[in-house]
Amino acid sequence: MTGRRPVLLGIMGDSAAGKTTLTQGLINLLGPDRVTHMCTDDYHKYDRSQRAALNITALNPDCNYLDILELQLERLHYGQPILKPVYEHATGTLIRPDYVNPREFVIVEGLLGFHSAVMRQFYDVKVYLQPPENLRRVWKIRRDTAKRGYTVDQVLAELEKREADSREFIRVQREHADIVVQFYPPDGVSAEEANGHLNVRLILRPTIPHPDMSYLSEKQSQDAGIRLLLGRDTGRPVDILEIDGSVTPEHTAYLEETIWRHLPGVDPIGADQFGVYQDRGAKRQSDPLALTQLLLTYHLLRECGANTQRLFAPPVAALSRVSRAGAPSASTATEALVPVPEPVGQRR
């Protein structure tokens with residue numbers, strides 16, 4: 001079954017992995033009037049004080065209404081509005097829900113958005129952010145002390161408390177990503193000293209088609225700062241795009257101009273609108289981040305945005321609730337209602 005529907009991009013990763021920073025640049029590049037942005041943190045069952053009293057972390061699936069997230073991802077996939085819960089990070093409280101009508105692109109970021117097969121089938125592109133743990137730790141301390149009212153000791157205690165859940169529930173979602181993005185410091189640079197000149201590695205898995213990026217490395221040389229390689233990830237063949245944090249401003253400008261020429265349907269925006277990150281309250285610029293955001297935008301527009309007729313995933317989220325209540329199974333009911341296409345992530 002095909003038709004007009006939004007393009008769904010999922011960006012998952014552990015707390016302070018850079019999800020919101022990456023997302024904001026994509027919104028600016030695609031155009032805010034074309035993008036609906038939502039966070040899976042909004043589906044927490046408990047506020048911050050309740051989680052402390054119950055001794056449960058926000059990374060635990062039992063601490064989140066993941067069944068409601070499944071239902072609402074399905075509605076967004078089908079272009080239907082939702083009444084989305086809202087979690088206020090600044091205060092750690094649950095507040096008035098939002099009425100959300102999906103636009104052309106829906107970007108879903110958060111902790112547990114790839115947790116179930118039902119969720120995963122509704123995305124067109126799944127991205128997982130995987131910075132080294134020592135770098136993520138530095139980012140989390142800086143963010144939570146600056147924006148969320150924590151002390152350094154409180155952040156360190158929370159990291160320790162979350163480690164088991166992070167290992168069991170968050171990092172395993174990497175397995176389901178189409179693209180793995182890894183920002184990491186250059187050799188000899190500590191996580192504390194790392195800045196906007198981080199290296200970045202994009203692992204492009206063959207679970208979806210990727211646009212031809214060979215033109216980016218046509219002028220490839222030892223000091224060009226960008227390489228397109230063949231490699232393996234968890235034993236599977238993948239393409240790997242590497243961008244050095246030391247890439248020169250001149251070569252960055254050349255690469256950005258080249259990518260812009262390949263972006264259909266968007267006009268260039270100012271350099272201060274993407275590649276931007278927060279460092280202890282100050283806005284800073286990162287060329288590898290900017291190039292990563294451009295490449296992901298290119299991916300969405302070239303592979304998803306150009307064709308208005310897209311496959312629908314089978315409508316199983318609501319039906320699976322019926323099945324659990326003792327009615328006919330979701331698969332049986334789905335077969336009776338509609339022709340079932342392949343799941344989105346496996347359709348090509």
Side-chain angles (χ1 to χ4, degrees), residues 6-14 17-27 29-30 35 37 40 73 105-115 117 119-132 136 170-184 198-217 226-244 255 259 262-263 274-275 286 288-306 310 343-348:
V7 174
L8 264 69
L9 166 66
I11 300 178
M12 300 299 141
D14 211 333
K19 302 180 293 294
T20 301
T21 297
L22 184 65
T23 297
Q24 188 56 58
L26 296 178
I27 293 171
L29 287 163
L30 291 166
V35 180
H37 170 220
T40 64
L73 284 175
F105 296 94
V106 177
I107 301 180
V108 181
E109 57 145 316
L111 297 169
L112 290 162
F114 302 159
H115 179 72
M119 293 180 199
R120 295 193 294 270
Q121 70 173 345
F122 296 126
Y123 298 103
D124 294 278
V125 182
K126 300 185 294 297
V127 175
Y128 185 84
L129 287 180
Q130 188 190 28
R136 185 182 72 85
I170 305 302
R171 297 174 202 163
V172 294
Q173 293 175 103
R174 181 190 190 279
E175 174 69 19
H176 305 294
D178 304 307
I179 302 171
V180 178
V181 178
Q182 300 172 327
F183 288 96
Y184 61 97
L198 292 168
N199 301 332
V200 63
R201 179 183 298 113
L202 277 71
I203 299 172
L204 310 173
R205 292 172 170 167
T207 47
I208 58 172
H210 298 281
D212 180 12
M213 297 182 187
S214 59
Y215 67 89
L216 291 174
S217 54
I226 185 166
R227 295 169 297 280
L228 185 60
L229 311 168
L230 293 176
R232 287 191 171 270
D233 179 66
T234 63
R236 296 171 293 184
V238 294
D239 291 328
I240 300 173
L241 184 67
E242 293 185 340
I243 304 171
D244 292 340
L255 292 171
I259 298 170
H262 286 77
L263 290 181
F274 64 106
S286 165
L289 173 61
L291 290 169
T292 300
Q293 290 168 330
L294 273 172
L295 289 169
L296 290 176
T297 301
Y298 174 32
H299 196 292
L300 289 174
L301 291 170
R302 295 280 293 181
E303 297 300 328
C304 303
R310 303 184 187 96
V344 170
Q346 303 172 17
R347 64 183 182 275
R348 300 173 190 153

**Q** Do Val106 and Pro6 come close enough that some side-chain heavy atom pair is under 4.5 Å?
**A** yes
**Q** Return the set of residues passing salt bridge (Lys or Arg N to Asp or Glu O under 4.0 Å) with Arg236 (not counting sequence neighbours), or none when no residue passes.
**A** Glu175
**Q** Could you grab the distance from atom CG of Leu228 to atom CG of Leu241, nearest 0.5 Å is fine?
**A** 5.5 Å
**Q** Nearest heavy-atom pair of Phe114 and Gln173: which atoms, and what distance?
**A** N-OE1, 2.9 Å
**Q** Is there side-chain contact between Ile240 and Leu204, with at least one heavy-atom pair below 4.5 Å?
**A** no
**Q** Can you see which heavy atom on Thr297 is nearest to which on Leu263, and at what distance?
**A** C-CD2, 4.1 Å
**Q** Between CZ of Arg120 and CE of Met12, what distance do you get to the nearest 0.5 Å?
**A** 11.5 Å
**Q** If we only count heavy atoms from C-beta on, is the Val180 to Arg174 side-chain gap below 4.5 Å?
**A** yes
**Q** Write down the atom of Phe183, the atom of Thr292, and the distance for their closest heavy-atom approach.
**A** CZ-OG1, 3.9 Å
**Q** For Val200, is there any backbone N or O sitting under 3.5 Å from a side-chain donor or acceptor partner on Gln182?
**A** no
**Q** Under a 4.0 Å N-O cut-off, is there an ion pair linking Asp124 with Arg310?
**A** no
**Q** Go through the steps for Lys126 and Thr207 under the test side-chain contact (heavy atoms from CB on, under 4.5 Å), then give the verdict.
**A** CA-CA 10 Å; Lys126 300 185 294 297; Thr207 47; 5.9 Å; no
**Q** Check this for me, if you would: do Asp178 and Arg205 make a salt bridge, where the nitrogen-to-carboxylate-oxygen distance has to be below 4.0 angstrom?
**A** no
**Q** Atom CD1 in Ile243, atom CD1 in Ile226: separation rounded to 0.5 Å?
**A** 4.5 Å
**Q** Can Thr40 and Glu109 be counted as having a side-chain donor-acceptor contact under 3.5 angstrom?
**A** no
**Q** Going by the rule side chain to side chain donor-acceptor pair (under 3.5 Å), which residues pair with Gln293 if we only count those two or more places apart in sequence or in a different chain?
**A** none
**Q** For the residue pair Phe274 and Leu291, establish whether any side-chain heavy-atom pair is separated by less than 4.5 Å.
**A** no
**Q** Would Leu29 and Leu294 count as a side-chain contact (heavy atoms from CB on, under 4.5 Å) here? Give the steps.
**A** CA-CA 8 Å; Leu29 287 163; Leu294 273 172; 3.8 Å; yes
**Q** Does some side-chain heavy atom of Leu9 sit less than 4.5 Å from a side-chain heavy atom of Leu26?
**A** yes
**Q** Report yes if some heavy atom in the side chain of Val125 is under 4.5 Å from a heavy atom in the side chain of His299; otherwise report no.
**A** yes
**Q** Would you sort out whether Leu300 and Leu30 count as a side-chain contact (heavy atoms from CB on, under 4.5 Å), showing the intermediate values?
**A** CA-CA 9 Å; Leu300 289 174; Leu30 291 166; 4.1 Å; yes
**Q** Kindly indicate whether the side chain of Glu242, heavy atoms from C-beta on, has any atom under 4.5 Å from the side chain of Leu229.
**A** yes
**Q** Looking at side-chain heavy atoms only, is the closest gap between Asp244 and Arg227 below 4.5 Å?
**A** yes
**Q** What closest approach, in Å, do Gly113 and Tyr123 show between heavy atoms, and which atom pair accounts for it?
**A** O-OH, 3.0 Å
**Q** Identify the heavy atoms of Asp14 and Lys19 that sit nearest to each other, and give their distance.
**A** O-NZ, 2.7 Å
**Q** To the nearest 0.5 Å, tell me how far Gln121 CD sits from Leu73 CG.
**A** 10.0 Å
**Q** Please find the pair of heavy atoms, one from Ala17 and one from Leu129, that lie closest to each other, and give the distance.
**A** O-CD1, 3.7 Å
**Q** Please report the interatomic distance CG(Leu296) to CG(Leu202), rounded to the nearest 0.5 Å.
**A** 6.0 Å
**Q** Going from NE2 on His176 to NE2 on His115, what distance comes out if it is rounded to the nearest 0.5 angstrom?
**A** 9.5 Å
